[in-house]
Each structure stands twice: as structure tokens, then as C-alpha cells.
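Read the numbers this way: they start at 1 and go in the same order the structure lists the ligands and their atoms. The figures here come from the full heavy-atom set of this structure, side chains too, leaving out hydrogens, waters and symmetry mates.
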Amino acid sequence: MNLDAALNADLHCHSVISDGTLSPEALAARAKAAGVQLWSLTDHDEIGGQSRAIAAARAAGLAYLTGTEISVSFAGRVVHIVGLGFDHEAPEIVAGLRATRGGREARARDMAAGLAEAGIPGAFEGALQYVSNPDLISRTHFARFLVDAGHCSDLPEVFRRFLTEGKPGFVPHKWAALKDAVGWITRAGGVAVIAHPGRYDFTPTEEYALITEFMAHGGRGIEVVTGSHTPAEFVKYTDTALEFGLLASRGSDFHSPAESRTDLGTLPPLADKLTPVWAALAARIHH
Ligand code: AMP
Ligand code: MN
Ligand code: MN
Ligand code: MN
């Protein structure tokens, strides 16, 4: 396999193990049908789907890198760090992610209390109907419930009105530390990648602080082409990757056929002048 920038790699998506709606097996088949050549399943704070994803990729004839997307508290905000190509059985990352997931149920109960005060009762039980991994109740599950119960017309509206900072269903949470998330991934043989940097609304100074701290902890990659970026941001973060000497990643962030604007494998390729993260992970690819 030619591991250059033109490879159709999709290294960011979610299954029912976190807040996606498809199984790892269905995602593998969908990625293969879309022409993806190298795939990674990156469930939020979870690697419980990795063995299934490895097997499903092999059955579909798809090259595979292990993956996860870790929620991190940084400068009073939540930043996502994607991990790729790590040993998914390394005890430290397994325990670290378990700790990061802890408290999601208590947070969900608090979210439901806030929503009840805003006139929406039963949201905890409602959201649970959409959850397949009881360890990973997410805002996305609440959003699906609120849409299906008729309170909002789509997921972005739910987040805007109910689930973002200052809104009735928002509950702040202490996620992993940047240093820990990057360390778990790196010490398990993988590469840590800043997910969708264009989504954080950071000032240039804050973004510089994130990138330099991330690199000081051993982080080596940044998402350039993602379903969360505009074409102008593909260009901006191409320059950022080159400026800082970061490995570039590409991924749809696909969650669901009904909800996601960007399907698996359909984004433009990385620019030729970038060094793709998969070039640094050749030895970690499952064939
Ligand atoms: P949580 O980890 O429980 O805080 O949930 C975060 C998830 O909510 C993200 O991974 C996205 O899938 C989803 N999300 C966040 N903001 C939005 C939005 N504006 N519209 C749709 N989904 C969103
Ligand atoms: Mn999500
Ligand atoms: Mn994310
Ligand atoms: Mn994601």
C-alpha cells in the first residue's frame, strides 16, 4: 500500500460503542463500499469496539489503525484528542479511558434535572433508550431523544438551545488532562492527534498554547481535512501542520447516515506537501 497523501484514509468515526448509530461491522462495510483504503474507528473515550473493528476490517479487506477520541479539559474548554495506532490492550490507556468515562451517568442525571426545570421531563430515561453502551451516555443521546420527542427539529438546534454552555441541559464535566491523554496514546505505541482544531473558537494565542503544550507532552499530529472543517480551514490547518512540523490526519467524523453531513471516505485528500500521519504509523497498520 502506498502511504502517501493521496491515500483514501478515514481515521475518525463513531459506532454504537459511543455516540454513532452503526455497529463497527456496518461501518467497516460502509467504509469499504465508499472506497476507503485505511480506516480507524475512534469512539469517544472508548476502545471497547477495537477488536471487532480489527476483525471487521480484515473481513472487508480494509487496512486498519486502532483509534479513539479522548475528551480533554483544556483552558476551561473541552478539546478532543484522537489516538491512532496504539496497542488497544495496553493497561494504562484501558484504565485511563475507564476513568475518563466515569461520572458520565451522574452528569447525565444532572443534565436531565436541568432539562426538567426547563419543562422537559424524563430526559434521562429518554436518552437511555438511544444508548447501547451504558458507560457512555453522551449529549448526542439526549439530542436524539429531544428531536424524536418533538422538542426540536434537528440535533444542531438541540445543542444550540439546550446542551451548550449556559443552556439548561449543560453540565460542566472534568475530563482527562491533555498531558494524560497524549501520554496514554504515545506510551501505547500510537500517535496523538489534535481533533478538528477549527471547532474550538480559540483565539490565535489560545490555539498556539494548545499546540505547543500538546507537542511538549509528545503529541505529533493534527487533523487537517475533517468533516468539522470548512474548505478554508483545510487550507489554514495545512499551513499550521507545516508551520509546526505536525503529521496531518484526515477523517469524516461520521456518526450516522441520518445525521452526518460528511460520509465515510468522501472528503478531499490531504495536500501533497503534508506528511500524513499514516506514513509514521506503517508498522502499526493491521492488514
Ligand atoms: P459529550 O461527549 O457527551 O459532551 O457529547 C459530545 C458530542 O456531541 C460530540 O462528540 C458530537 O457528536 C455532539 N455534538 C456536539 N456539538 C454538536 C452540535 N452543535 N450539533 C450536533 N452534535 C453535536
Ligand atoms: Mn460524537
Ligand atoms: Mn470531536
Ligand atoms: Mn468525533
If we only consider heavy atoms of Pro156, is any one of them less than 4.0 Å away from an atom in ligand 1?
yes
What protein heavy atom sits nearest atom 22 (N) of ligand 1, and how far off is it?
Phe159 CE1, 3.2 Å
Would you say ligand 1 has an N or O under 3.5 Å from any N or O of Arg139?
yes
Are any of the N/O atoms in Thr140 less than 3.5 Å from those in ligand 1?
yes
Atoms in ligand 1 with a heavy atom of His255 nearer than 4.0 Å
12 (O)
Any side-chain to backbone donor/acceptor pair from Glu206 onto Thr203? Under 3.5 Å, distance only.
yes
Which atom name would you report as the N, O or S atom of His12 nearest the Mn ion (ligand 4)?
NE2
What N/O/S atom of His14 is the closest to the Mn ion (ligand 4)?
NE2
Run the numbers for me: atoms of ligand 1, each under 4.0 Å from some heavy atom of Ser138, listed by number.
3 (O), 5 (O)
Could Asp135 and Arg98 be called an ion pair, given the rule that one side-chain N must be under 4.0 Å from one carboxylate O?
no
With heavy-atom distances below 4.0 Å as the criterion, list the atoms of ligand 1 near Arg104.
1 (P), 2 (O), 3 (O)
To the Mn ion (ligand 3), the closest N, O or S atom belonging to His80 is ND1
Which pair of non-hydrogen atoms, one from Leu27 and one from Leu41, has the smallest distance, and what is that distance?
CD1-CD1, 3.8 Å
Asp253, N/O/S atom nearest the Mn ion (ligand 4):
OD1
Any heavy atom of Val78 under 4.0 Å from ligand 1? The part involved is neither
Rounded to the nearest 0.5 Å, what separates atom CG in Leu210 from atom CZ in Arg77?
10.0 Å
If you look at every heavy atom in Val36 and Leu62, which pair is closest and at what distance?
O-CD1, 3.0 Å
Would His14 and Asp253 satisfy side-chain hydrogen bond (donor to acceptor under 3.5 Å, both in side chains), going step by step from the backbone distance to the final call?
CA-CA 7 Å; His14 301 274; Asp253 207 355; 3.1 Å; yes
Using the salt bridge (charged side-chain N to carboxylate O under 4.0 Å, His left out) rule, pick out the option among Arg101, Arg109, Arg107 that qualifies with Glu105.
Arg109
Could you tell me whether a side-chain N or O of Arg161 sits under 3.5 Å from a main-chain N or O of Lys167, the two making a donor and an acceptor?
no
Quick check: of its N, O or S atoms, which one does His196 have closest to the Mn ion (ligand 3)?
NE2
I'd like to know whether the aromatic ring centres of His229 and Tyr237 sit less than 6.0 Å apart in this structure.
yes
If you round to the nearest 0.5 Å, how far is NE2 of His255 from OG1 of Thr140?
5.0 Å
Check Glu69 and report its N/O/S atom nearest to the Mn ion (ligand 4), by atom name.
OE1
Quick check on contacts: which atoms of ligand 1 are under 4.0 angstrom from a heavy atom of His44?
10 (O)
Of all the atoms in ligand 1, which lie at a distance below 4.0 Å from a heavy atom belonging to Arg107?
1 (P), 3 (O), 4 (O)
